Amino acid sequence: MSYAEAASRGPKQSPDECRCHMLTFYQARAPSPSRIYKDESESTASLVDVDSPHVTAVDPNYLNQEIKTTTQAERIQREEEEEKKQEARAENKAKAKAKASSVRDNASNPVYIGNAVIVGVIGAGLGLGAYRKHVEGQLSWQLIGVWTGAIGALGVADYFVSK
């Protein structure tokens with residue numbers, strides 16, 4: 001259904017609402033305002049007198065200043081903050097690199113290698129055992145708690161033996 005069909009089904013406009021039947025194409029325009037106000041008394045009080053002392057002058061050493069505008073000051077402040085952030089990132093990167101290098105330094109340490117192998121084997125064994133218990137329907141929170149305690153005790157013992 002088109003807009004014209006929908007509009008034709010609605011209520012008709014009264015003659016007061018629609019005067020377009022009397023107007024031609026060139027006469028169609030907004031109604032004229034009922035009254036025009038003319039105020040000839042324009043005040044000059046709002047105009048700025050350039051000779052008055054309230055007008056600020058530029059400092060004579062303005063061109064010699066390093067920072068001339070607030071925009072420049074804000075830009076310099078943002079650049080300083082960005083530089084501090086980059087320094088913090090570089091410091092964090094150096095810490096991460098030092099940590100990674102400690103792993104490389106201990107690569108020939110037999111205790112370090114042994115602990116890595118033990119953790120891998122125990123993790124795989126516990127995962128496989130837990131899966132089997134789950135398939136059989138025998139996996140419980142009590143069993144998980146017992147094995148978690150056993151792993152904790154093994155970790156404490158390994159810590160004191162490694163010292």
Side-chain angles (χ1 to χ4, degrees), residues 1-14 17-18 30 33 42-163:
M1 176 185 308
S2 71
Y3 176 77
E5 292 172 2
S8 67
R9 291 185 181 168
K12 301 296 180 194
Q13 291 181 332
S14 68
E17 293 175 333
C18 179
E42 291 184 11
S43 173
T44 58
S46 65
L47 299 176
V48 177
D49 183 14
V50 292
D51 295 329
S52 68
H54 74 274
V55 175
T56 56
V58 178
D59 290 334
N61 62 354
Y62 175 76
L63 294 175
N64 297 333
Q65 292 177 355
E66 185 176 332
I67 300 174
K68 294 181 174 68
T69 63
T70 56
T71 306
Q72 285 178 331
E74 291 170 357
R75 178 183 50 84
I76 289 172
Q77 183 180 5
R78 282 193 309 268
E79 288 173 353
E80 289 172 355
E81 290 173 359
E82 186 63 31
E83 186 176 321
K84 288 178 185 176
K85 287 179 184 177
Q86 286 179 355
E87 289 174 2
R89 284 187 206 126
E91 186 176 319
N92 289 342
K93 202 175 202 182
K95 286 180 184 178
K97 194 176 233 184
K99 189 174 182 180
S101 69
S102 71
V103 172
R104 280 189 230 112
D105 292 343
N106 288 325
S108 62
N109 185 351
V111 174
Y112 188 81
I113 294 171
N115 284 343
V117 169
I118 288 172
V119 166
V121 169
I122 289 176
L126 285 175
L128 183 62
Y131 176 72
R132 285 184 181 166
K133 290 289 185 182
H134 172 70
V135 169
E136 295 170 2
Q138 298 175 350
L139 185 63
S140 66
W141 284 108
Q142 183 181 6
L143 181 66
I144 293 171
V146 168
W147 281 107
T148 303
I151 296 291
L154 181 66
V156 169
D158 184 52
Y159 172 76
F160 286 114
V161 169
S162 297
K163 283 274 179 178

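Just so it is clear, the structure is predicted and the values come from calculations on it, not from any experiment.
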Qualifying residues under side-chain contact (heavy atoms from CB on, under 4.5 Å), relative to L126, sequence neighbours excluded
I122, W147, I151
With sequence neighbours left out, write down each residue that passes side-chain contact (heavy atoms from CB on, under 4.5 Å) with K85, or none if nothing qualifies.
E82, R89
Least distance between heavy atoms, L143 atom then K133 atom
CD2-CG, 3.9 Å
Can you tell me how far apart NZ (K84) and CD (E87) are? Round to the nearest 0.5 Å.
8.5 Å
When you compare the side chain of R78 with that of E74, does any pair of heavy atoms fall below 4.5 Å?
yes
If I take atom CD from residue Q72 and atom CD from residue E66, how far apart are they, to the nearest 0.5 angstrom?
9.0 Å
For R75, look at atom CZ and say whether over 12 heavy atoms of other residues, nucleotides or ligands are found less than 6.0 Å away.
yes
